[in-house]
Amino acid sequence: MMMKMPWRRKSRSFHLQLQGAIGTIQSPFLFLFTNYFHSSTSTLEDARFLTNNFKSASFTHLDDAIASFNHVIHMNPLPSRVHFNRFLSALAKMKQYHFLVFAFQTISDHFREALALLKEMVGRNISPNVFTFNILIDTLCKKGLVSNAENIIKIMIQRGVEPNVVTYSSLMDGYCLCNHMDKAKKLFDLMVTNEIANIFSYTILINGYCKYKMIDDAKDIFVEMSHKGLVPDVVTYSTLIEGMFQAGRPQTAQELFKDMCSHGQQPNIVTFSIMINGLCSQGNLDDALTLLKKMEESQLKPNLVTYCILINGMCKAGKINDAKELFSSLFENGLQPDVYVYSAIMKGLFQQGLMDEAYKVFKDMEKVGCLPNNCCYNIIIQGFLKHEDLPKASELINKMVDKGFSADVATMELVVHLSQNNDLMD
DNA sequence: GTTTTACATG
């Protein structure tokens, strides 16, 4: 009896603390925790499956987390009730530790609260380990709160928890994200000196350099990697390949792709998508389509991202009929286009002056429950503005504003331009 | 018995 009680009691009290820490946010999610935390039976596979689904979304807010959760459980053809109950039972099965890790992932937005909870944990001799700290640090870094992450690292050292390669790699990524490449490089050099840098550390730095078009530095790190006996994997290659395309070096990108294949690294969907996107941006639709064939031959099914890239590429090359055909084939293959795909085809249709068709796509997407986002509204409004259908444009602008979206720079410029040249607008 | 880091689409 006495043996079982403590963790149950503790988790209950931590749950209440968590609720307190998050404060006034009334969340159905927390309500679920309250009701189901102690209940019944499930397996760890369930837990992993569901938390993975849950984690795959990037949360910017607790409400987003709830929204994503709702999305997961409403996915077709999975019965939402089953998912729902499995998720909750899985949580119930999790021990306190998992709960806390999970809690951190959902509340690390609320940095002060997370810190308060951390102190509570330490005060109760349930000190978080390096995994827990790493989750928190990584989340902070991804949100650009790097100095907060640095403070957490100080705290963990004070608590006798040794930061590891994951901790420092996350911090490096944080530095890269806010364009502190010098800091990232300094940290990286320290990691190399201490011989803890791994393939993740190298790829993170390469990615950072690529994002800021410092392609030669990226290449240097890539070369240095091999000298240290580290074998670049498909992610490392993909990162550098994309960097090369964006730096206007498609030739080198294609050489890297060949190099990767000849070194026995099987390109994955992302690699192919990066290559196809790069080739399309070069206006090289033919080679892009050849790669698509190659991709399908290696039993890789293109996903929505790949199709979106291809539709963009076809529209850009003026092959609107091919794009339309590809778009319809999605439905035949049982894929439901997302906002990105709808935006791509709409933009293409407008470019060809096919206003009615574009507008039909716009209405269709609402019908199937794929709600237009800010970008969709801007595309369609720009389309009507460019073809000087002002009544339709202003109707849609009103609708957009009603939905809480706003005109982007390009839309504004068109409005200004038209109002200068056209007395119909004031 | 369990948890952490890198790549793609408007």
Side-chain angles (χ1 to χ4, degrees), chain A residues 43-45 47-48 51-52 55 90 93-105 108 128-139 141-142 149 156 161 163-174 176-177 191 196-208 210-211 218 221 225 232-243 245-246 260 267-278 280-281 302-313 315-316 337-348 372-380 382 408 410:
Chain A
T43 64
L44 279 163
E45 283 72 40
R48 204 179 298 129
T51 43
N52 279 345
K55 282 190 315 197
K93 188 77 179 179
M94 287 181 197
K95 294 203 174 164
Q96 186 179 318
Y97 214 80
H98 302 104
F99 170 69
L100 287 170
V101 168
F102 191 77
F104 267 128
Q105 288 173 325
S108 37
N129 67 4
V130 66
F131 288 91
T132 322
F133 276 114
N134 284 346
I135 290 168
L136 188 59
I137 288 162
D138 182 56
T139 314
C141 286
K142 289 212 164 54
M156 73 190 277
V161 181
N164 62 12
V165 59
V166 178
T167 323
Y168 290 125
S169 297
S170 295
L171 184 62
M172 257 180 59
D173 202 21
C176 291
L177 210 79
M191 290 168 75
I196 62 163
N198 64 12
I199 190 165
F200 283 82
S201 329
Y202 277 87
T203 309
I204 287 168
L205 190 63
I206 290 170
N207 184 44
C210 287
K211 287 281 176 300
I221 300 295
M225 219 177 148
D233 69 3
V234 63
V235 179
T236 321
Y237 272 106
S238 304
T239 307
L240 190 59
I241 287 171
E242 200 208 359
F245 272 123
Q246 285 179 352
M260 177 182 75
N268 60 19
I269 298 187
V270 178
T271 326
F272 273 114
S273 298
I274 290 171
M275 282 297 296
I276 293 173
N277 189 38
C280 285
S281 313
N303 62 13
L304 281 181
V305 177
T306 328
Y307 284 122
C308 185
I309 290 168
L310 280 162
I311 289 172
N312 274 324
C315 292
K316 206 180 155 195
D338 60 8
V339 258
Y340 292 108
V341 179
Y342 276 112
S343 301
I345 192 75
M346 268 173 25
K347 202 173 175 183
N373 61 11
N374 204 49
C375 177
C376 290
Y377 274 103
N378 278 289
I379 286 174
I380 191 156
Q382 280 172 40
D408 64 17

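So you know, we letter chains A, B, ... as the sequences are listed, proteins then strands, and number each from 1.
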Q. So which heavy atom on A:Leu177 is nearest to which on A:Cys141, and how close?
A. CD2-O, 3.6 Å
Q.
Looking at every non-hydrogen atom in both residues, tell me the closest pair between A:Pro232 and A:Tyr237 and how far apart they are.
A. O-CE1, 3.7 Å
Q) Between atom CG in A:Leu171 and atom P in B:dT4, what is the gap in whole Å? A) 19 Å
(Q) Please report the distance, rounded to the nearest Å, between CG in A:Leu136 and P in B:dT5. (A) 13 Å
Q: Round to a whole Å and report the spacing from CG of A:Asn268 to P of B:dT9.
A: 14 Å
Q) At under 4.0 Å between heavy atoms, what does A:Asn378 touch on the DNA or RNA strands: base, sugar-phosphate, or nothing? A) nothing
(Q) Rounded to the nearest 0.5 Å, what separates atom SG in A:Cys280 from atom NZ in A:Lys316? (A) 8.0 Å
Q. Roughly, in whole Å, what's the span from CG in A:Leu310 to P in B:dT9?
A. 14 Å
Q | Atom-to-atom span, CG of A:Asn164 to P of B:dA6 - whole angstrom | A | 14 Å
Q) Do the side-chain N or O atoms of A:Lys142 get closer than 4.0 angstrom to the phosphate oxygens (OP1, OP2) of B:dA6? A) yes
Q.
When you compare the ring of A:Phe131 with the six-membered ring of B:dT4's base, are the centres less than 5.5 Å apart and the planes under 30° from each other?
A. no
Q. So, is A:Lys316 near the phosphate of B:dT9, with a side-chain N or O under 4.0 Å from OP1 or OP2?
A. no
**Q.** Closest listed nucleotide, where the reference is the side chain of A:Val235 and the choices are B:dT9, B:dC7, B:dT5
**A.** B:dC7
Q. With a 3.5 Å cut-off and just heavy-atom distances, do the side chain of A:Ser170 and the base of B:dT5 make a donor-acceptor pair?
A. no
Q | Where A:Leu310 and A:Ile276 come nearest, the two heavy atoms and their spacing | A | CD2-CG2, 3.8 Å
Q) Nearest to the side chain of A:Asn312 - B:dT5, B:dT9, B:dA6? A) B:dT9
(Q) Starting the side chain at C-beta, find the nucleotide from B:dA6, B:dA8, B:dC7 nearest to A:Asp233. (A) B:dA6
(Q) Just the rounded figure in Å: distance from P of B:dC7 to CG of A:Leu205. (A) 13 Å
Q.
What's A:Asn373 touching, base or sugar-phosphate or nothing? Going by heavy atoms closer than 4.0 Å.
A. base
Q. When the distance from OH of A:Tyr237 to P of B:dA8 is rounded to whole Å, what number comes out?
A. 18 Å
Q) B:dT5 C1' sits how many Å from A:Ile199 CD1, rounded? A) 12 Å
(Q) Applying the side chain to side chain contact (heavy atoms under 4.5 Å, CB included) criterion to A:Ser238, which one of A:Thr203, A:Asn207, A:Ile274 satisfies it? (A) A:Ile274
Q.
Is there a side-chain contact between A:Asn134 and the phosphate of B:dT5, meaning an N or O under 4.0 Å from OP1 or OP2?
A. no
Q. Is there aromatic stacking of A:Phe200 against B:dT5, centre distance under 5.5 Å, plane angle under 30°?
A. yes
Q.
Taking the minimum atom-to-atom distance to the side chain of A:Val305, which one of B:dG10, B:dC7, B:dA8 wins?
A. B:dA8
